[in-house]
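Ligands are counted one by one from 1 in listed order, and the atoms in each one are counted from 1 as well.
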Amino acid sequence: MVKQTIQIFARVKPTVRKQQQGIYSIDEDEKLTPSLEIILPRDLADGFVNNKRESYRFKFQRIFDQNEKQETIFENIAKPVAESVLAGYNGTIFAYGQTGSGKTFTITGGAERYSDRGIIPRTLSYIFEQLQKDSSKIYTTHISYLEIYNECGYDLLDPRHEASSLEDLPKVTILEDPDQNIHLKNLSLHLATTEEEALNLLFLGDTNRMIAETPMNQASTRSHCIFTIHLSSKEPGSATVRQAKLHLVDLAGSERVAKTGVGGQLLTEAKYINLSLHYLEQVIIALSEKHRSHIPYRNSMMTSVLRDSLGGNCMTTMIATLSLEKRNIDESISTCRFAQRVALIKNEAVLNEEIDPRLMIIRLQKEIQELKDELAIVTGEQRTEALTEAELLQLEKRITSFLEDQDPESKLEVGADMRKIHHCFHYLKKLLNDKKIHGTSIASSEIKDQNSQEPLKEEEYKKLRDILQQRDNEINILVTMLKKEKKKAQDALHVSSMDRSELRRSQSSPFPPGNPEGPRMLPPSAPTQAPDSSTSQYRSSLLHGKTGMKEEMSFGRQEAFEIFKRDHADSVTIEDSKQILKQRFSEAKALGESINEARIKIGRLKEEITQRHVQQVAQGISESTPVPLTPDLLEEKLRSQLQEEKRRYKAMFTHLKALKVEIEHLQLLMDKAKVKLQKEFEAWWAEEATSLQVNSPAVNSLNHMKPFPQTPESQHERSQLLSSKSDIYARKILPSPGPLLHSQEQSSPSTPLEDRIPERPVSSVPLTGDSQTDSDILAFIKARQSILQRTGQCTFPGSSSRAMVKGR
Ligand code: ADP
Ligand code: MG
């Protein structure tokens with residue numbers, strides 16, 4: 001048993017403005033427990049007559065300042081927890097803080113850079129790496145992803161998410177057994193055998209969460225998300241199973257009401273907006289007070305689910321995320337105060353070992369049989385009569401199944417009966433002799449067969465060559481047809497280059513199977529092999545399913561989507577991700593080639609060494625001198641070259657493996673961004689349609705391309721109308737930071753680049769209205785855009801942020 005208080009860490013989010021930095025200081029001098037001092041700005045502190053404190057000091061296990069990397073957070077916070085989970089203890093990491101303080105960034109990660117991936121993907125990577133290394137146990141990993149919104153639980157991995165709205169899905173409910181263990185009904189557990197599968201589940205859940213979110217239900221700030229890794233392990237042959245759970249929790253925003261400094265309310269305990277956080281606080285208070293017998297876990301779903309993590313059988317860690325800007329001072333102090341209380345809670349983690357009853361029964365049955373046999377030998381029980389036909393037959397059956405059993409631990413149990421033991425030996429001998437004779441006859445008949453087939457070969461070969469030629473011709477014809485069709489479709493539809501390449505993405509592996517430069521050149525175990533089809537199926541089904549995509553789309557709508565996409569900040573991000581992906585692909589390709597070269601070289605060196613041996617022996621025989629005992633210099637040189645090449649091979653192989661994980665991650669990020677773009681377009685389109693109805697006289701005039709009057713008043717009116725609308729967009733669409741890495745074009749000898757970069761369709765938008773209405777809306781959008789361009793304003797959501805990105 002491990003007794004431990006909940007570990008608390010603080011992480012400060014980078015502030016945009018420099019001058020905000022005087023607000024806090026981190027004192028690392030006190031070696032064991034560093035402290036964070038929050039300094040109250042004068043104008044806020046002055047409001048207090050009776051309580052004129054100027055600063056507050058809070059102790060944490062460790063404080064991570066603005067510039068700390070995700071890698072550092074993982075190494076210091078999550079890795080130790082992951083290690084104890086691997087050892088069989090439960091673990092929980094939860095992020096607590098106001099909205100925008102970096103909870104999601106810390107737990108899941110940022111949406112743009114691979115290096116921004118958070119605790120969940122890094123922990124998955126680490127756990128699967130460790131499992132692979134440890135062959136002494138058999139491990140099984142399952143994933144579940146629960147969202148709690150408004151006291152209701154939703155399974156984010158429920159496949160029905162695609163078809164139904166959130167409200168129609170079966171709710172996850174809590175069941176308590178007589179031992180007060182919590183069970184979650186309707187929460188699905190998904191087996192994940194690789195890191196990639198687990199990562200897919202994470203992105204599936206996140207996308208489901210995003211899709212379900214509406215402006216009315218801002219789930220991402222008001223709901224709690226619990227990503228759980230269920231790990232079970234067992235030693236081969238043992239009946240004891242260890243089970244451990246790791247909860248990675250992204251809590252709802254901790255903001256409270258009465259967020260002002262007026263009237264002395266600042267720094268007094270204000271009420272949570274989120275009720276379940278209020279209950280969480282009650283549980284924490286109850287736990288941190290001594291001699292409290294009743295802990296109100298049952299008041300809310302979240303505290304029930306996390307019951308073990310709070311004052312129970314779990315190693316728990318809290319990350320207080322802080323956005324230390326002046327306007328957030330009170331929230332930050334609340335967060336730190338909450339953490340101080342949490343730090344008082346003691347947990348007692350125990351190893352979760354269970355005996356598997358099925359395995360136990362088998363083991364006991366075996367033991368009984370062995371004891372019976374021993375007893376028979378000791379008592380000298382003799383049997384004189386011969387074995388019956390049936391007994392013999394049964395014995396032979398047992399021998400056969402024993403021989404067929406691949407398990408090295410399997411035993412042939414016949415009991416302590418000498419007649420049976422003897423018969424076994426006889427039977428085995430017979431089998432062995434039969435096999436020998438049979439084996440020789442097979443070998444000789446094979447030779448005969450080969451000889452008789454010899455004249456056939458030439459004919460067969462010719463036939464195959466003809467068929468091949470014929471197929472080649474057929475393929476050529478088909479390819480030409482396809483090309484024509486494609487060109488026709490492109491001309492007609494004005495599909496943007498992005499979407500065109502996306503449509504080609506039917507093979508979503510880093511190396512499409514048809515690519516001759518791809519994995520075929522690598523050894524069969526190479527990690528660059530196309531990811532299993534389930535992954536790609538998952539991805540394309542995700543995109544198709546999520547967005548309800550259909551192939552057709554009215555011209556008007558399609559064009560509007562192009563405009564929307566062009567001006568949306570996220571499309572810059574998508575473009576950047578695409579560039580990075582291209583770069584990674586070409587890196588992976590080059591690496592694959594180098595690996596292959598190294599492999600060939602290793603083979604050649606081995607060959608040379610063997611040759612050298614043969615030479616020496618031959619020389620020894622011909623000159624009848626013994627092989628020299630002194631080391632052969634040339635051979636040594638070859639050997640050291642071989643070692644070096646092997647090292648290089650291994651290093652490249654590891655790099656390639658990491659590259660593959662990165663590519664997979666980037667693809668998933670891009671998918672998510674595309675689904676988001678699509679979703680926002682739909683919302684925007686609906687707004688435009690409504691707006692068209694409201695302003696139809698204006699539209700009519702626009703439709704007829706009458707120039708919009710250029711008087712300053714009318715311009716003002718117009719921009720007022722639009723800015724009120726873009727407020728709505730601003731709330732829905734967060735500006736994204738801009739491009740990140742440089743790109744590098746990939747060159748390929750055979751295939752055009754886009755053909756080889758897996759893309760997924762995103763462009764098609766479900767048809768709602770008829771094409772006439774759609775083109776009306778488009779005309780409205782375009783006319784307005786041209787007016788605003790002339791007056792130098794922005795028309796589209798995200799367009800201002802795009803301008804900002806460009807300007808950076
Ligand atoms: P929360 O989940 O607490 O509401 P987010 O994790 O969504 O907050 O963070 C808000 C924004 O700040 C996001 O755009 C995120 O990328 C950014 N952000 C948060 N923490 C960091 C950090 N440590 N470094 C860089 N960006 C961050
Ligand atoms: Mg969040």
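For S101, a nitrogen or oxygen atom sits less than 3.5 Å from a nitrogen or oxygen atom of ligand 1, counting backbone and side chain alike. Between K13 and ligand 1, at least one pair of N/O atoms sits closer than 3.5 Å. For ligand 1, none of its N or O atoms has an N or O atom of G110 under 3.5 Å away. By the 3.5 Å distance cut-off applied to N or O atoms, V12 is not counted among the residues near ligand 1. For ligand 1, the polar-atom distance check against T104 finds a nitrogen or oxygen pair separated by under 3.5 Å.
In terms of modelled atom types and a separation under 3.5 Å, the side chain of N90 and the main chain of K245 share a donor-acceptor contact. Side-chain N or O atoms of N347 include one that pairs as donor or acceptor with a backbone N or O of G311 at under 3.5 Å. Side-chain N or O atoms of Q340 include one that pairs as donor or acceptor with a backbone N or O of K59 at under 3.5 Å.
Close approach of ligand 1 to R11 is summarised as follows: ligand atoms under 4.0 Å from at least one heavy atom of the residue are 23 (N). Remark: ligand 1 atoms within the under-4.0 Å shell around heavy atoms of K103 are 1 (P), 2 (O), 3 (O), 4 (O), 6 (O), 8 (O).
A distance of 10.0 Å separates CD in E147 from CG in D206, rounded to the nearest 0.5 Å. With rounding to the nearest 0.5 Å, the separation of OG in S300 from CD in E151 is 4.5 Å. With values rounded to the nearest 0.5 angstrom, I182 atom CD1 is found 5.5 Å from R307 atom CZ.
Heavy-atom distances between Q98 and ligand 1 reach below 4.0 Å in at least one pair. The closest approach between Q70 and ligand 1 stays at or above 4.0 Å for every heavy atom of the residue. In this structure, G97 falls outside the shell of residues with a heavy atom less than 4.0 angstrom from ligand 1. At least one heavy atom of T99 sits closer than 4.0 Å to an atom of ligand 1.
In this view, D155 satisfies the salt bridge (Lys or Arg N to Asp or Glu O under 4.0 Å) rule with no residue, not counting sequence neighbours. Contacts of K79 classified as salt bridge (Lys or Arg N to Asp or Glu O under 4.0 Å), with partners at least two apart in sequence or in another chain: E75.
For F9 and F60, the gap between ring centers reaches or exceeds 6.0 Å.
Within the 4.0 Å heavy-atom criterion, the part of P14 lying near ligand 1 is the side chain and not the backbone.
Using a cut-off of 2.8 Å, one finds that T104 contributes an N/O/S atom close to the Mg ion (ligand 2).
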